2 protein chains.
Amino acid sequence: MAMKAAAEFDRATAAEHAHTAVWIATVLRGRIAAGELTPGSKLSEQALSSALGVSRNTLREAFSTLAGESMVTRIPNRGVFVASPGVEEVREIYRVRRMIEPAAALWGEVTPEALDTMEAIVRRAQEARDAGSVADMADANQALHRAVVGLTGSGSLQTLMDRVLAEMRLVFHAMASTPDFHSHYVDRNVRLVERLRAGRRDEAASGLSADLDVAEAELLDRLADASG
Amino acid sequence: MAMKAAAEFDRATAAEHAHTAVWIATVLRGRIAAGELTPGSKLSEQALSSALGVSRNTLREAFSTLAGESMVTRIPNRGVFVASPGVEEVREIYRVRRMIEPAAALWGEVTPEALDTMEAIVRRAQEARDAGSVADMADANQALHRAVVGLTGSGSLQTLMDRVLAEMRLVFHAMASTPDFHSHYVDRNVRLVERLRAGRRDEAASGLSADLDVAEAELLDRLADASG
DNA sequence: CACGAATTATTGTTGAACAATCTCCCTGGG
DNA sequence: CCCAGGGAGATTGTTCAACAATAATTCGTG
């Protein structure tokens, strides 16, 4: 068909031959994370395949990938939709985090470099708070917790955490407004890193666990408000 | 083509319309777990698609799923191969297990039902040892550790653990002979469940961690022998 | 207005085709 | 004898077009 160029967009830019399906999955993942594709919205095969300039088959393969990451939900004979996490998903998110984050704090390998990285992230969060940038604060917060899991040295756990954090972003996107959720945690995060630096891992782990409890409760609260 | 029936095998038996791609993924996952498809062996698209009676496109989608579970490895323009975990993969497996299993023992919800289940599994392991059935012992061992992670109540962690255990099976399949690896752990597992029953979670967690260290060392040892 | 049936749209799956890439063998030169 | 180079053949990556199966919608009828 002569008119594939109708939606040729970039795709020549970054690493042309990244095995189209993977590339498409990356594009969609990015758009979902950016909030361009809002939770619950339908991803039509025909519309998307022509919009992205790939065949339905290739798009389908990308969908498989994203469904495996639970970024989208596939309903047989109905289509795929951007995942829209609810109360149960939030609970699951914190079940996971309450296990792997304290575990990482307790038993991970706390290197000086890791501590430096975390301190830099915490400073970034403080600056974001001072500047009143909610988005940057959210980013820094996620980056910090990601770094905590990084202490485990495990790629699988890191991947799991990335999935969880991506789902968290979806939760925020699903909420109409994003009132300041993170500023309370900037100071707590500072204390967390201090404790890790001081080698007080028990305190770091238990404090982290408590923080997660609070965050979950607060998030569930706002979710109930939004849906009630 | 009239001759699709050439390889019609069952496929009408179990839940006919399980949406072919996932059904195929299930079949392949089972064959890999059973050791029918040995680690490193190539999965030719043409051969498999005709052997399973599905189109290459559908098979491809199944491959995506399995690659996402790292049951198979995809090498661009070369094909997909049954994953063949080596030393680094074993290390990663135990990095994960050393985090989530003790975490589950420490912070999971230890219900009486869960304890009963675990005791039943442990008894099964003892019977298998008495009967000299290595395979049953391996199964029971895996089931027990799976149950430990189940204490977290988290589906994501359970899924991660399942992936890890599947990879463990691949490691065993990759070793020419499977000398008795599990009998040493039957008694340790008994003690683990006893400690959980007694509410001595710290001991359960630290003992578990030690067991995992020993198991990793032993496994790495045998791997070194096999490849040396 | 409610209800059911026909129409329409969308997904699920297949088969064939072609380009890109790899594998392997075969030949020629050192 | 060994190695480099070059095809020929096979395999994967991707697209297209078609049809079957299922869901959504529309429309006619009571």
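Residue numbers start from 1 in every chain, and the chains themselves are labelled A, B, ... in the order their sequence lines are given, proteins ahead of strands. All values below were derived from every heavy atom in this structure, side-chain atoms included, with hydrogens, water molecules and symmetry-related copies excluded. This is a predicted model, so every value here is computed, not measured.
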Pairwise distance CG(B:Leu208) to CZ(B:Arg97) - rounded to 0.5 angstrom | 8.0 Å

Output for pair (A:His19 NE2, B:Asn77 CG), nearest 0.5 Å, gives 5.0 Å

Write down the distance between CG (B:Leu48) and P (D:dA10), rounded to a whole number of angstrom.
-> 19 Å

side-chain contact (heavy atoms from CB on, under 4.5 Å) filter on A:Ala138, not counting sequence neighbours, yields A:His182

Can you check the A:Arg56 CZ to C:dT13 P distance for me, whole Å?
-> 11 Å

Where along residues 71-82 of chain B does a heavy atom fall under 4.0 Å from DNA chain D?
-> B:Pro76, B:Asn77, B:Arg78, B:Gly79

Looking only at side chains, do A:Asp180 and A:Ser183 share a donor and an acceptor under 3.5 Å apart?
-> yes

Rounded to whole angstrom units, what separation is found between the NZ atom of A:Lys42 and the P atom of D:dA23?
-> 12 Å

Would you kindly say whether B:Glu101 and B:Tyr94 are connected by a side-chain donor-acceptor distance under 3.5 Å?
-> no

Heavy-atom side-chain proximity of B:His145 to B:Asn189 below 4.5 angstrom = yes

Below 4.0 Å: OP1/OP2 of D:dT14 and any side-chain N or O of A:Thr20 = yes

When rounded to whole Å, the CH2 to P distance for the pair A:Trp23 and D:dT14 reads 13 Å

In whole angstrom, what separates A:His19's NE2 from C:dA20's P?
-> 14 Å

Starting at CG of A:Leu43 and ending at P of C:dA9, how long is that distance when rounded to a whole Å?
-> 21 Å

Could you verify whether a donor N or O on one side chain and an acceptor N or O on the other, from B:Thr58 and B:Ser55, lie under 3.5 Å apart?
-> yes

Calculate, to the nearest 0.5 Å, the distance between atoms CG and CD belonging to A:Asn57 and A:Glu45 respectively.
-> 9.0 Å

Say you draw a straight line from CG of B:Leu43 to CD1 of B:Ile32; how long is it, rounded to the nearest 0.5 Å?
-> 6.0 Å

Protein-nucleotide distance (A:Glu45, atom CD; D:dA17, atom C1'), rounded to Å = 15 Å

When you measure from every atom of DNA chain C, which of residues 57-66 of chain B have a heavy atom less than 4.0 Å away?
-> B:Asn57, B:Thr58

